[in-house]
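Every chain is numbered from 1 and lettered A, B, ... according to where its sequence line falls, protein lines coming before strand lines. Values reported hereafter were calculated over all heavy atoms of this structure, with side chains retained and with hydrogens, waters and symmetry mates removed.
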Amino acid sequence: MKYLNVAEKNDAAKNIAQHLSRGTSRRREGYSQYNKIYEFETEVMGQQCQMVMTSVSGHLLALEFVGAYKGWQSCNPMVLFDAPVFKYCPENYEKIKKTLEREVRGCQGLIIWTDCDREGENIGFEIIDVCTAVKSNLRIFRAKFSEITAVSVRRALQNLEQPNKNISDAVDVRQELDLRIGAAFTRFQTLRLQRVFPNKLAESLVSYGSCQFPTLGFVVERYRAVENFVSEPFWKLKINHTINNLSVDFAWERIRLFDRDSCQVLHDICLESPQAKVCEVKTKPKSKWRPLPLDTVELEKLASRKLKINAKETMRLAEKLYTQGFISYPRTETNEYPKEMNLPQLVGFQTGDPNWGAFAQNILDTGGPTPRQGNKSDKAHPPIHPTKYTNNLSGNEKLLYEFIVRSFLACCSKDAQGQETTVTIEVAKEKFSASGLMITARNYLEVYPYDKWSSKEIHVYENGQTFNPTSIDMLDGNTSPPNLLTEADLIALMEKHGIGTDATHAEHIETIKNRSYVALADAIHFVPGLLGMGLVEGYDAMGLTMSKPHLRAQLEADLKAISEGRKQPQQVLAEQIAKYREAYETVTMEANKIDAALAERFCERPNEYVPTAETLPINMPAAMKCPKCGADMVVRQKKNNADEFYISCMSFPNCKNAVWLPSIVKSILVLSDTCPTCGPNYKMLKFEWRNNSISHLYPPPYTTCIGGCDTTFLELLRINLASVRAVSDSNRQTQTTNSTRMQANNRQVTSSNWTNTRPRETPAPVMSARQNPSVNSTQPRQFVPPPAANMNNQPRMPVPRSSGSGMGTDDNNVICGCNQPAKLLVVKKQTANHGKKFYKCQVGKDNGGCDFFLWASESVENQVQNPYDTPPSSSWSNSTPSHSRDSAADNSDEVKCNCGIPSKKVTVYKEGPTKGKQFYGCTKDMGSRCDFFQWADSGSVTEWSSSSSSRGRGQGRGRGRSGGSGDGPRGVRHCSLCKQPGHTRTRCPNNNS
DNA sequence: GCAAGGTC
């Protein structure tokens with residue numbers, strides 16, 4: 001039987017192998033130079049076995065988002081709460097993995113020797129995953145040990161257990177949450193604030209982490225306590241008794257009074273009968289305790305306080321001392337020495353030192369080390385102690401080594417002893433006391449200069465004795481604020497609230513310094529930076545407790561519950577993600593509060609933040625229920641135009657209902673309130689406008705509902721009622737009567753005719769089923785209504801002017817099936833069509849667009865006009881809704897457009913329910929024409945259009961050739977070849993092609 | 001370029 005044994009680090013593997021083999025293990029190289037292989041034979045479960053022992057270096061695998069979500073611009077950070085993640089082996093760990101894979105092949109069993117803590121259990125499962133992938137029928141065991149001593153590891157081998165999946169699961173949950181939450185908030189904050197404060201933050205990384213933010217919170221909280229502190233005056237009495245140059249001050253039992261007059265009265269009374277009478281003299285032994293065995297947190301705090309070396313630097317130095325073999329492993333939570341440790345030997349190593357050697361020797365000579373014992377153990381590492389002697393160090397390395405040695409020796413010696421005498425006196429019934437101290441044995445203080453304990457002399461007093469005080473004074477003072485936090489205070493707070501681990505406190509502090517969230521005010525005390533302060537204030541203003549420690553504390557409690565099998569990891573994950581997602585939604589919606597707070601701190605005007613597609617909230621609370629399919633409809637941003645929004649159905653592509661919003665909509669916020677008129681399916685929406693064109697009518701932020709209760713607003717925004725509510729025939733009638741002909745009448749949309757369901761902004765036809773007998777009445781005929789007409793009784797709506805959609809609308813006026821300006825392309829292939837121009841949907845079918853295709857030769861080169869092709873921007877910029885389309889429709893013989901000139905009649909050539917229908921449009925060039933539109937007589941499907949409609953889609957050559965624009969008398973179609981009316985080019989007798 | 005946790 002051969003076992004592969006894997007420890008968490010090489011050091012552990014080496015020592016475990018040493019102990020188990022009783023010093024006979026053989027060492028050979030693995031693929032990783034840092035992780036050696038140790039071989040020996042020993043008995044496992046009563047059987048002599050071959051043992052191969054190696055190690056990893058902490059976590060072998062890392063967690064990451066799959067490729068599509070790695071790029072900061074690749075997605076909205078919101079999706080990081082759900083985006084797929086995977087575990088992989090980072091490149092610099094591949095060698096370790098390879099060693100495991102190679103070595104396990106020859107083994108039948110696997111024994112996990114990782115540290116016996118939460119992370120260690122998880123690392124164990126990473127090792128198991130890697131090994132079982134190579135060899136599936138392994139016998140797997142877990143060795144449990146509390147320290148790496150011969151007794152401990154041999155006992156562990158004799159009591160092999162099974163790895164604990166619950167504990168490992170807890171770590172998986174922590175990792176996943178840390179990654180998702182950290183990445184989502186960090187990307188959001190960074191991407192936004194870099195743009196809002198380019199002068200200050202263009203290059204900054206504005207990170208968020210569940211440990212770094214509470215750490216920042218501690219600094220801010222203390223800063224505020226200092227800032228808000230209101231000093232109060234107080235008064236107190238003090239008695240002095242000086243004889244033979246020895247001055248003894250007696251402190252008042254009342255300590256102090258906040259009322260001057262009261263204090264003055266008591267002072268006067270004391271002065272009237274000033275004789276003091278000793279009422280009690282108490283003498284008792286007093287000791288000053290030697291330090292506890294050193295754990296990481298204590299090392300960091302004391303190094304910071306006593307040596308003025310910050311925690312991060314301390315750990316760096318300690319790591320170095322450790323790898324050089326001078327001290328034990330510096331990351332430990334243990335502050336009690338295991339019984340098995342050979343402390344006299346360790347003390348003995350130090351006896352040669354000129355400064356503390358004698359003290360060390362004295363420990364050995366006077367009964368040996370008797371360390372004070374703490375009550376914490378990580379069951380993995382002993383307290384930090386020197387492992388060998390050196391005097392070849394310099395600088396802070398020397399300082400730190402010396403501190404660790406002195407601390408160890410102090411801990412192994414005895415408490416300092418003394419006698420304290422407390423004398424209580426009475427003057428005019430007011431009590432005062434003074435105390436003196438006589439140190440009788442300095443003990444550990446001899447080797448530990450970091451503690452101060454000094455004698456204080458006092459006169460010899462006897463009970464009942466009276467004397468006349470030298471002075472009775474009334475002193476005044478003011479209460480003072482607490483001190484700002486030192487690094488040691490900060491570490492203590494982190495430890496107290498469970499923020500980070502002993503191994504990471506220093507890193508979190510370093511991080512928030514590097515992020516400019518905090519800084520050292522005077523080399524000792526932390527103050528929040530402008531950025532840190534503004535962030536906390538921003539989150540506070542949202543009512544979020546991101547900077548408070550309890551979010552992390554709650555997670556720790558949940559992780560404990562998972563470890564103990566009381567909670568399911570999936571449940572915790574789901575709960576925590578839901579909690580943070582909710583917070584994230586709040587943050588994205590109220591991010592202006594962060595802007596505002598930072599603006600104030602920076603004294604800088606925030607740039608207007610225009611969200612990009614990546615940063616726009618998605619998966620937002622539903623703005624409404626889809627009237628077509630009942631699914632949620634959410635606000636989204638156009639993929640290719642970050643400036644424009646639409647509200648689309650979540651069941652896309654099955655349902656393609658969408659509400660397209662004009663470019664004047666700068667932002668849209670879904671509120672939690674529902675519309676009292678339209679009902680619970682419609683949320684109230686808060687709009688901000690991009691320009692001021694409608695601000696006087698709808699002052700921003702304008703909150704409304706788009707469910708149909710405010711038709712004026714819908715008309716202004718050119719929102720088709722049918723896309724926001726299920727419109728019945730009866731209410732269609734009503735609405736048609738009441739407010740122009742805005743409402744489309746379809747109730748259903750099927751994906752097959754999606755291409756016609758969302759024209760917007762284009763002054764597109766309004767029609768009813770009856771007007772289009774060629775189309776089944778259940779088929780959609782959803783068109784965005786033209787701007788409000790016949791609004792004589794209503795205030796005139798100004799039409800927002802588009803700032804230009806930036807979608808290439810200047811280049812062409814061809815609209816694709818998505819009702820978006822199509823893209824003009826050139827055939828590159830060396831075919832018969834090489835060099836020929838054509839139009840395609842610019843989004844592309846693969847990206848959710850349509851498969852629109854049209855040769856450009858006719859539509860562009862011939863400059864054929866077709867209002868249907870009017871791009872959205874020109875409709876916005878040109879439309880003048882003052883005209884009456886109804887009146888125009890009455891005059892069908894010579895229909896004039898908005899320019900007052902006769903219009904032309906053209907035919908819809910676009911695929912869809914209106915294909916073949918004719919309508920009137922402006923005859924001018926596309927740059928100057930108006931957006932006039934009017935259907936021609938219903939049912940007038942001409943021979944031309946019906947024949948053309950029988951063409952396959954994509955050939956489309958007839959499109960735009962509809963009217964004989966410029967070829968003959970306006971309003972009458974003429975053949976483009978022979979110029980004769982009554983037929984078209986395709987049916988022209990002169991057409992020989 | 002993100003987190004926090006291991007560790008070289």
>> Rounded to whole Å, how long is the line connecting atom NZ of A/Lys87 with atom C1' of B/dG5?
In response: 11 Å
>> If you assign A/Lys70 and A/Ala503 each to the DNA chain B nucleotide with the nearest heavy atom, which residue ends up on the more 5' nucleotide?
In response: A/Lys70
>> Applying a 4.0 Å non-hydrogen cut-off, can you work out what A/Gln194 is touching in the nucleic acid: base, sugar-phosphate, or nothing?
In response: base
>> Using OP1 and OP2 only, check whether a side-chain N or O of A/Thr190 sits under 4.0 Å from B/dG1.
In response: no
> Given atom CG of A/Asp178 and atom P of B/dA4, what is their separation to the nearest angstrom?
Replying inline: 6 Å
> Which whole-number value in Å describes the distance from A/Tyr34 OH to B/dG6 C1'?
Replying inline: 17 Å
> Do A/Asn35 and A/Ser55 have side-chain N/O donor and acceptor atoms under 3.5 Å apart?
Replying inline: yes
> Can a side chain N or O of A/Thr501 be found less than 4.0 Å away from OP1 or OP2 on B/dG6?
Replying inline: yes
>> Taking only side-chain N and O atoms of A/Ser57, does any of them lie within less than 4.0 angstrom of OP1 or OP2 on B/dC8?
In response: yes
> Within the structure shown, what part of the strands sits under 4.0 Å from A/Tyr329 by heavy-atom distance: base, sugar-phosphate, or nothing?
Replying inline: sugar-phosphate
> Can you tell me how far OG of A/Ser207 sits from CZ of A/Arg187, rounded to the nearest 0.5 angstrom?
Replying inline: 13.5 Å
> Taking only N and O in the side chain of A/His508, is any of them less than 4.0 Å away from OP1 or OP2 of B/dA3?
Replying inline: no
> In terms of side-chain geometry, is the basic nitrogen of A/Glu537 or A/Arg601 positioned less than 4.0 Å from the acidic oxygen of its partner?
Replying inline: yes
>> Looking only at side-chain N and O atoms, does A/Ser304 offer a donor or acceptor that is under 3.5 Å from a partner on A/Glu487?
In response: yes
> Under 4.0 angstrom, heavy atoms only, what part of the nucleic acid is A/Leu63 near: base, sugar-phosphate, or nothing?
Replying inline: base
>> Checking A/Gln33 against A/Glu29: is there a side-chain donor and acceptor pair closer than 3.5 Å?
In response: no
> What is the distance from CG of A/Asn35 to P of B/dG6, rounded to the nearest Å?
Replying inline: 18 Å
> Do A/Gln212 and B/dC2 have a side chain to base donor-acceptor pair shorter than 3.5 Å?
Replying inline: no
> Any side-chain N or O of A/Arg316 under 4.0 Å from OP1/OP2 of B/dC8?
Replying inline: no
> Taking CD from A/Gln33 and C1' from B/dT7, how many angstroms apart are they, rounded to a whole number?
Replying inline: 14 Å
> Would you say A/Tyr208 stacks on B/dA3, if stacking means ring centres under 5.5 Å apart and planes within less than 30 degrees?
Replying inline: no
> How is A/Glu8 classified with respect to the nucleic acid when contacts are heavy atoms under 4.0 Å: base, sugar-phosphate, or nothing?
Replying inline: sugar-phosphate
> Using a cut-off of 4.0 Å on non-hydrogen atoms, how would the nucleic acid contact of A/Glu126 be classed: base, sugar-phosphate, or nothing?
Replying inline: nothing
> Do the side-chain N or O atoms of A/Ser207 get closer than 4.0 angstrom to the phosphate oxygens (OP1, OP2) of B/dA3?
Replying inline: yes
> Are any of A/Arg331's side-chain N or O atoms less than 4.0 Å away from OP1 or OP2 of B/dG6?
Replying inline: no
> What does A/Arg174 touch in the nucleic acid at a heavy-atom separation under 4.0 angstrom: a base, only the sugar-phosphate, or nothing?
Replying inline: base
> Which whole-number value in Å describes the distance from A/Asp117 CG to B/dG6 P?
Replying inline: 7 Å
>> If you count heavy atoms of other groups shown closer than 6.0 angstrom to NZ of A/Lys98, is the number above 12?
In response: no
>> Whether A/Asp172 and A/Lys87 form a salt bridge (side-chain N of Lys/Arg under 4.0 Å from carboxylate O of Asp/Glu) is what I want to check.
In response: yes
>> Need to verify one output field. Residue with the more 5' nearest nucleotide on DNA chain B, A/Gly58 or A/Ser204?
In response: A/Ser204
>> Checking contacts here: which listed nucleotide (B/dA4, B/dC8, B/dG1) is nearest the side-chain heavy atoms of A/Ser32?
In response: B/dC8
> Atom CD1 of A/Ile123 and atom C1' of B/dG5: how far apart are they, to the nearest Å?
Replying inline: 8 Å
>> Rounded to whole Å, please give me the gap between CD in A/Glu176 and C1' in B/dG5.
In response: 15 Å
> Which part of the nucleic acid, if any, lies within contact of A/Gly500, taking any heavy atom under 4.0 Å across all strands shown: a base, the sugar-phosphate backbone alone, or nothing?
Replying inline: sugar-phosphate
> Should A/Arg552 be listed as having a side-chain N or O under 4.0 Å from OP1 or OP2 of B/dG5?
Replying inline: yes
